[in-house]
Amino acid sequence: MTKPINHIIDADIRSFFDNVDHDWMMRMLEEKIADKNLLKIIKRFLKAGVMEAGKLYQTEEGTPQGGILSLTLSNIYLHYILDLWIEKIIKKSTQGYVELLCYCDDFVILVQYKKETEKILKELEERLKMQIW
């Protein structure tokens, strides 16, 4: 109520949990985690597969939706894809107010000016296309 927000970009990344790139995820985790054993456990979690109707399906990408680490891993992944992009690129290239609110594959971008909203939306679509999902 106190911020100059006039436009909202509301997004839910389709099939996000199914398409997280394991190699990128591990590279992101390696940025902050030095413990090789913990990284190995996380990689095993990602590769563990998914059980559906009594049948095991191997996973080469994605995080098991509903898995104990999925929410945390998705927030870490999107930190690099969205949070840093908004902070380091978008906010510096816009004149008005811009804020990102994100939880897993759902997020909103709050924007002051319509013209900047349209520009951010176009750039966002391009950015997410690059993420192979």
Side-chain angles (χ1 to χ4, degrees):
M1 302 274 303
T2 62
K3 303 294 182 188
I5 299 164
N6 298 307
H7 305 278
I8 297 174
I9 299 169
D10 182 9
D12 182 349
I13 302 172
R14 183 181 33 228
S15 301
F16 172 76
F17 288 98
D18 297 332
N19 294 296
V20 169
D21 184 286
H22 289 179
D23 292 330
W24 275 108
M25 173 59 74
M26 294 310 298
R27 287 174 63 183
M28 292 170 186
L29 293 169
E30 289 166 359
E31 289 281 321
K32 300 288 183 181
I33 300 172
D35 186 335
K36 299 294 183 196
N37 290 323
L38 178 57
L39 291 168
K40 199 180 294 186
I41 290 168
I42 294 170
K43 188 164 191 144
R44 284 184 185 161
F45 171 81
L46 291 171
K47 302 282 185 195
V50 176
M51 183 79 73
E52 290 181 5
K55 185 170 181 184
L56 178 64
Y57 296 93
Q58 295 301 317
T59 52
E60 295 301 318
E61 60 183 16
T63 65
Q65 190 168 3
I68 193 165
L69 289 178
S70 292
L71 298 177
T72 302
L73 293 177
S74 67
N75 282 326
I76 291 168
Y77 195 86
L78 288 175
H79 169 72
Y80 286 92
I81 304 304
L82 286 176
D83 297 4
L84 293 177
W85 176 67
I86 292 286
E87 287 299 319
K88 298 190 180 292
I89 308 290
I90 298 300
K91 284 187 177 182
K92 291 183 178 178
S93 68
T94 55
Q95 293 178 342
Y97 182 82
V98 176
E99 193 65 49
L100 171 69
L101 302 174
C102 186
Y103 181 74
C104 298
D105 63 339
D106 298 307
F107 63 93
V108 293
I109 302 173
L110 312 169
V111 188
Q112 184 171 2
Y113 300 118
K114 182 177 182 177
K115 189 172 187 167
E116 290 182 337
T117 303
E118 292 165 352
K119 177 181 170 266
I120 292 168
L121 184 56
K122 184 178 178 186
E123 291 177 18
L124 176 66
E125 288 172 352
E126 288 299 312
R127 181 151 186 86
L128 294 181
K129 279 183 195 174
M130 295 179 354
Q131 297 310 312
I132 315 170
W133 53 54

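Put simply, the side chain of Lys36 does not reach to within 4.5 Å of the side chain of Lys40, judged on heavy atoms. Between Phe16 and Cys104 there is no side-chain heavy-atom pair separated by less than 4.5 Å. Leu29 places a side-chain heavy atom less than 4.5 Å from the side chain of Leu39. In this structure the side chain of Leu73 reaches within 4.5 angstrom of the side chain of Phe45, judged on heavy atoms. Using a 4.5 Å heavy-atom threshold, the side chains of Ile120 and Ile109 count as touching.
Rounding to the nearest 0.5 angstrom, the gap separating the CD1 atom in Ile76 from the CD1 atom in Ile42 is 7.0 Å. To the nearest 0.5 angstrom, Glu118 atom CD is 11.0 Å from Lys122 atom NZ. Distance CZ/Arg127 to CD1/Ile90: 8.5 Å, rounded to 0.5 Å.
Residues satisfying the salt bridge (charged side-chain N to carboxylate O under 4.0 Å, His left out) test with Glu123, not counting sequence neighbours, are Lys119.
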Could you tabulate the donor-acceptor pairs under 3.5 Å formed by side-chain atoms of residues 78-88, not counting sequence neighbours?
{"residue": "His79", "atom": "ND1", "partner": "Asp83", "partner atom": "OD2", "Å": "3.4"}
{"residue": "Glu87", "atom": "OE2", "partner": "Lys91", "partner atom": "NZ", "Å": "2.8"}

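Open room surrounds CD1 on Ile8; 12 or fewer heavy atoms of other groups in view lie less than 6.0 Å from it. Within 6.0 Å of CG on Leu56 lie more than 12 heavy atoms contributed by other residues, nucleotides or ligands.
One hydrophobic cluster holds both Tyr103 and Leu69 under the rule that ILVMFWY side chains link at heavy-atom gaps under 4.5 Å. With hydrophobic clusters built from ILVMFWY side chains whose heavy atoms lie under 4.5 angstrom apart, Val108 does not share a cluster with Tyr77. Placement of Leu101 and Ile9 in two distinct hydrophobic clusters is found when ILVMFWY residues are connected by side-chain heavy-atom separations under 4.5 Å, directly or transitively. Hydrophobic clustering (ILVMFWY, side-chain heavy atoms < 4.5 Å, transitive): Phe107 and Ile89 are in one cluster. Residue Ile5 is not grouped with residue Tyr113 when hydrophobic side chains (ILVMFWY) are merged at heavy-atom distances under 4.5 angstrom, including chains of intermediate members.
For the residue pair Pro4 and Tyr97, the shortest heavy atom distance occurs at CG-CB, 3.6 Å. When all heavy atoms are compared, the tightest approach of Asp21 to Asp23 is OD1-N, 3.0 Å. The two residues Phe17 and Leu71 come nearest to each other via the heavy atoms CZ-CD2, 4.3 Å.
Applying the salt bridge (charged side-chain N to carboxylate O under 4.0 Å, His left out) test to every pair with at least one member in residues 106-117, sequence neighbours left out, gives no pairs at all.
With Asn6 contributing its side chain and Gln112 its backbone, the two residues share a donor-acceptor pair below 3.5 Å. At distances below 3.5 Å, at least one donor-acceptor pair connects side-chain atoms of Thr59 with backbone N or O atoms of Leu46. With His7 contributing its side chain and Leu110 its backbone, the two residues share no donor-acceptor pair below 3.5 Å.
Evaluated for a side-chain hydrogen bond (donor to acceptor under 3.5 Å, both in side chains) with His22, the options Lys43, Arg27, Glu61, Lys47 yield exactly one hit, Lys47.
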